[in-house]
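These numbers were taken from a predicted model, which means no experiment stands behind them.
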Protein chains: 2
Amino acid sequence: MAEPSSYDRAHARLTAYMRANGLKITRQRELILQTFLEAQKHLSIEELLKLVRAQDGGVGHATVYRTMKLFVQADIASERHFTEGASLYEAEGEGEHDHHDHLICRDCGRILEFEDPEIERLQEEVARRLGFKLQDHRMELFGTCTTVDCEHATQ
Amino acid sequence: MAEPSSYDRAHARLTAYMRANGLKITRQRELILQTFLEAQKHLSIEELLKLVRAQDGGVGHATVYRTMKLFVQADIASERHFTEGASLYEAEGEGEHDHHDHLICRDCGRILEFEDPEIERLQEEVARRLGFKLQDHRMELFGTCTTVDCEHATQ
DNA sequence: ATACTTGCAAATGCTTTGCAAGCAG
DNA sequence: CTGCTTGCAAAGCATTTGCAAGTAT
């Protein structure tokens, strides 16, 4: 059996969400979905808009804003706020256990993802100790990466 | 020997910073410092402005914005972005080891601070494993607190 | 056909900045 | 006195929204 591509999966998720909520699949939404997934990195609305307009110059920025909010609702994307200013969007993975945190290079902007079950366990423990019922968390590590092309990469 | 109050300490820090940078101590800056420290909680510019204006109705909002940025530079306050929208400012503590993270109640808005050396150690380890030199981090836990007055508190 | 969507422009919310008048050192 | 500060208003950003025209179902 053929493996569904990440586009196929996301598209299926979108279709289901649309159907369930009486929404429509439009040319713009298809284009934005495809462009977003192809980029395979964290994108700001501005960057995404530029890529989308390379295919269809008539797309308005409000449409990209609205569509990305929709993708977040449909669990196709998630919104991140690593720095002040513009939000970044990243593609959502599969299962229940796709939670991850981020490591961000202050020199070159590279963003790495990681998971650490031991840290998560300790977070639960801290929350319990302080009388909280933990729902979720946000953790970002900032530093500098030592890759050869650091300083040169745009992201 | 008498214990210096947190106001005294902060004021000394401010004076030193001012002198070192050729800046001036004004009536507004004194008032904002005192008001900020007395509140003893995370404050938005808007909340702080309201408190300040209760003492001196003529203070402009730009002054509060500018002054809080100054306090951050002088290491008297730090700026946090727990949610989208307005930033919150919190008073900075003493020594080198006053780093802490936050636990935020989604029901009542309460903000608790905590430190966990073990988590910090694991963060260092993750960074090293991924080839990063860690500078700092941000970690916020979100959940619900089980205090009796939760849901009723404004913060 | 119906009602959701789009693109535009205008509005929003938070924050910053230009400027003339005021004040600290 | 010098030049840092203030308050006001206007500008700046990222994002949202109202609306008339367009389009998916």
Open item on the list: What is the separation between atom CZ on B/Arg27 and atom C1' on D/dG7, rounded to the nearest whole Å?
Closed with: 11 Å

Task: Any B/Lys24 side-chain nitrogen or oxygen under 4.0 Å from OP1 or OP2 of D/dT6 - done: no

Task: Listed partners of B/His61 passing ring-ring contact (aromatic ring centres under 6.0 Å, His included), at least two apart - done: B/Tyr65

Task: Upstream residue (5' side of DNA chain C) when B/Ile25 and A/Leu70 are each assigned their closest nucleotide - done: A/Leu70

TODO: Please tell me which of A/Tyr89 and B/Thr63 maps to the more 5' nucleotide of DNA chain D, matching each residue to the nucleotide holding its nearest heavy atom.
DONE: B/Thr63

TODO: Take the protein atom CG of B/Leu49 and the nucleotide atom C1' of C/dG13, then report the distance between them rounded to whole Å.
DONE: 15 Å

Task: Atom-pair distance (CG on A/Leu14; P on C/dC4), nearest Å - done: 17 Å

Open item on the list: By the 4.0 Å heavy-atom rule, please label B/Ala86 as base, sugar-phosphate, or nothing.
Closed with: sugar-phosphate

Open item on the list: Looking at B/Gln55 and B/Val52, would you say the former's side chain and the latter's main chain have a donor-acceptor pair under 3.5 Å?
Closed with: no

Task: Along DNA chain D (nearest heavy atom to each residue), the more 5'-positioned of A/Glu79 and B/Gly60 - done: B/Gly60

Task: Presence of salt bridge, A/Arg106 and B/Asp136, under 4.0 angstrom - done: yes

- [ ] Output yes when at least one side-chain N/O atom of A/Tyr65 is less than 4.0 Å from OP1 or OP2 of D/dT16, else no.
- [x] no

- [ ] Answer yes or no: is there an ion pair linking A/Arg13 with A/Asp8, defined by an N-O contact shorter than 4.0 Å?
- [x] no

Open item on the list: Less than 4.0 angstrom between a side-chain N/O of B/Ser87 and OP1 or OP2 of C/dT15, yes or no?
Closed with: yes

Task: B/Lys69 NZ to D/dT5 C1', straight-line distance once rounded to whole Å - done: 17 Å

Task: Protein-nucleotide distance (B/Arg66, atom CZ; D/dA9, atom C1'), rounded to Å - done: 12 Å

Open item on the list: Whole angstroms only, please: what is the CD-C1' distance between B/Glu84 and C/dT12?
Closed with: 14 Å

TODO: May I ask you to decide if A/Arg80's main-chain N or O and A/Arg138's side chain share a donor-acceptor pair within less than 3.5 Å?
DONE: no

Open item on the list: Is A/Arg29 close enough to C/dT5 that one of its side-chain N or O atoms is under 4.0 Å from OP1 or OP2 there?
Closed with: yes

Task: Phosphate OP1/OP2 of D/dG7 contacted by B/Gln28 side-chain N/O (<4.0 Å) - done: yes

Task: Whole-Å gap separating P (D/dA9) and NE2 (B/His61) - done: 9 Å

Open item on the list: If I take atom CD in residue B/Glu46 and atom P in nucleotide C/dT16, what distance separates them, rounded to the nearest angstrom?
Closed with: 15 Å

Open item on the list: Nearest heavy atom decides the nucleotide; on that basis, is B/His81 or B/Leu23 closer to the 5' end of DNA chain C?
Closed with: B/His81

Open item on the list: When you measure from the side-chain N and O atoms of B/Thr26 to the phosphate of D/dC4, is any distance below 4.0 Å, counting only OP1 and OP2?
Closed with: no

